Amino acid sequence: MTDQTCSDLIPAPEGPSNLIDTSYEVGQDNITPRIAGLSFDVHNIVFCISSIAIAIFVAVTLLYKDAVGPVFTDLRTWLTASFDWFFLIAANIIVLLCIYLIVSPLGRVRIGGRDAKPDYSYLEWFSMLFAAGMGIGLVFYGVAEPIGHFSTISTGSNWAPLVDEALSGAEAERLAMASTIFHWALHPWAIYAVLALGLALFTFNKGLPLTVRSIFYPLLGERVWGWPGHIIDILAVFATLFGLATSLGIGAGQANAGLQHLFGLEVSTTTTALLIIVISGVALCSVVLGLDKGVKHLSTFNVITAALLLGFVVLAGPTLTILKNLFWNLEAYLEYLPALSNPIGRVDDNFRQGWTTFYWAWWFSWAPFVGMFIARISRGRSVREFMICVLVIPSVVTTLWMTAFGGTAIEFEATTTLGKIAGAATEIQLFELLSNLPLASITSVLGVILIITFFVTSSDSGSLVIDTITAGGKVNAPVQQRVLWASLVGLVAIALLLGGGLSSLQAMTVSTGFPFALVLLGACFAIVKGLRSEPS
């Protein structure tokens, strides 16, 4: 095989490149030629280790599903109890870095060079990053988390944050919404933004492959193309796949509950697994079409559908209360943010480990997936523009979503439904809320459609990202590879679902999010060094 240079892997950057010599060679140990008959074009070590390890994991989990469930549960309990402080500190560091990049002169650096132009309009760009970022999670937890916190705070449960005894209705709602927004606003989007910026900077400005190891060139030098780099990329594959599988398992469970609510379809693990298979098949079609023909249009449809459902809840629900509470909740979030993010503060351990630590691990495990996807669509943006759009705007939109759905549920719970929403299963709480509004049958169908399409966009976007990593940074690898990874994502979700349900899904997310948090902390130093080397 003939050695390849970096310029063979991705297009040359538009702007000047310094700090890194882009003429380095990738040797025979790293990039494999196309496999005759299969049209595979892969990174030999990363692809083989990742695919074989995941295949073994699926087989063992399915063969010994009764035995592995308790193991997964114990693993999650140990990690969240032992390293909750680490997850909090790591996420705080990343948020502070993002804020610094917005206000510092480094924010003037343009991704792709000084003359680079954006590849997508604002609407297309925002639609894709938001749909990939946390679509299923918002639909699943939009009602469940605010009303869950409200119930525990109102009753003085030991799962309540920052309180030793029950609070009154208004103050309980305020703390409940602040706690929810804490999990969905600045911290998760900062985690995504840091990795996305690093990938975009070192790909489009420095001319390196679009893969996580490239970010670490300032720290590791040429060793980044050896085993240190292999390990980084393999961790990124594992984190992406298990984080994505968790979301797909959650989304399929809620879709099953919605179909049962609408049409009486049986709620069971078997039905949920069948739904994963069917919806993964739809995702395969989008994967085959690619980023511009499949993912972009479906993401835009997602955002429009979500906006319609959000607008309906705002108009049909307590409109004035929702609009007033949007600012009220943002104020409460900023007020409680220091206490909620304090690793040694008085936040209850059950809340910090049961909610916050799991969420932070989930966001860390999604970082390579969402980060690489955002990097691919962010060429031409300045660092300041990138950070504001990726960090601040989604946080405000997320707050509006949680205020509309969660706040309306709390309003109904306190005045009309007498425990009907809070007492329902988590998967069904969205539909219980919609049943209290006009046109319930139509909006419930819209909710199921939204869950399914968010499922599809997450699956196809994640498959494209995993394929890019295992192909050594190539963004146009053969279609067969994308089909392989989309299929494996669905299989892992089914295996974890059968091998312990939601607790197993969450356990693997935490276990892969922990090492990748270490990777992201290292990336913070490399990103600052890379930005400082850019022309003024």
Side-chain angles (χ1 to χ4, degrees), residues 29-30 32 35 38 40-76 78-79 211-213 227-249 252 269-270 272-273 276-277 280 283-284 287 361-362 364-366 368-369 459 462-472 477-478 480-516 519:
D29 293 336
N30 292 337
T32 65
I35 301 173
L38 295 178
F40 273 27
D41 190 7
V42 298
H43 187 288
N44 196 16
I45 295 174
V46 175
F47 178 87
C48 291
I49 292 178
S50 300
S51 57
I52 291 173
I54 291 166
I56 292 173
F57 174 85
V58 170
V60 170
T61 303
L62 291 177
L63 287 172
Y64 303 100
K65 58 184 180 182
D66 294 331
V68 298
V71 174
F72 289 142
T73 301
D74 292 342
L75 177 63
R76 181 198 168 181
W78 177 74
L79 283 171
T211 187
V212 180
R213 71 172 74 199
W227 274 104
H230 301 337
I231 292 171
I232 290 170
D233 279 350
I234 291 169
L235 283 174
V237 171
F238 288 160
T240 301
L241 191 136
F242 286 113
L244 189 57
T246 298
S247 297
L248 300 189
T269 301
T270 302
T272 304
I276 292 175
I277 293 172
S280 294
L284 285 176
V287 164
W362 196 7
F364 279 120
S365 70
W366 263 50
F369 154 41
S459 179
S463 301
L464 289 171
V465 166
I466 296 174
D467 183 38
T468 299
I469 298 173
T470 56
Q480 289 90 332
Q481 291 172 214
R482 289 180 253 158
V483 171
L484 169 67
W485 288 113
S487 302
L488 279 178
V489 167
L491 285 174
V492 169
I494 292 171
L496 289 171
L497 196 67
L498 296 176
L502 183 60
S503 62
S504 297
L505 292 163
Q506 293 174 338
M508 293 311 300
T509 297
V510 174
S511 62
T512 52
F514 174 71
F516 205 77
V519 171

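Note that the coordinates shown come from a computational prediction; the quantities given were computed from them, not determined experimentally.
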Under the rule for side-chain hydrogen bond (donor to acceptor under 3.5 Å, both in side chains), what residues qualify as partners of T509, not counting sequence neighbours?
T246
First locate atom CG of L248, then atom CD1 of I276, and finally report the distance between them rounded to the nearest 0.5 Å.
7.0 Å
Which atom pairs, donor and acceptor, lie under 3.5 Å between side-chain atoms of residues 47-59 and protein residues at least two apart or in another chain?
unit_1	atom_1	unit_2	atom_2	d
S50	OG	V46	O	2.7
S51	OG	F47	O	2.7
S51	OG	C48	O	3.3

What is the distance from atom CH2 of W366 to atom OG1 of T512, rounded to the nearest 0.5 Å?
12.5 Å
Which pairs count as salt bridge (Lys or Arg N to Asp or Glu O under 4.0 Å) when at least one residue sits in residues 234-247, sequence neighbours excluded?
none
Going by the rule side-chain hydrogen bond (donor to acceptor under 3.5 Å, both in side chains), which residues pair with W227 if we only count those two or more places apart in sequence or in a different chain?
none
Got a sec, which residues hit side-chain hydrogen bond (donor to acceptor under 3.5 Å, both in side chains) with S365, two or more places apart in sequence or on another chain?
none
Testing the basics here: between R213 and D233, what is the closest heavy-atom pair and its distance to 0.1 Å?
NE-OD2, 2.7 Å
For A273 versus I494, what's the shortest heavy-atom pair and its separation?
O-CD1, 3.9 Å
Mind checking the CD1-CG spacing from I277 to L491? Nearest 0.5 Å is all I need.
8.0 Å
Residues forming a side-chain hydrogen bond (donor to acceptor under 3.5 Å, both in side chains) with T272, sequence neighbours excluded
N256
Using every non-hydrogen atom in the two residues, find where A67 and P70 come nearest and quote the distance to one decimal.
O-CD, 3.4 Å
Between the OG1 atom in T240 and the CD1 atom in I469, the distance rounded to the nearest 0.5 Å is 4.5 Å
Do you know which two heavy atoms are closest between F516 and P368, and how far apart they sit?
CE2-CD, 3.4 Å
Minimum heavy-atom separation for S511 and L79, please, with both atom names.
CA-CD1, 3.5 Å
Can you name the closest pair of heavy atoms from V489 and A245 and give their distance?
O-CB, 4.4 Å
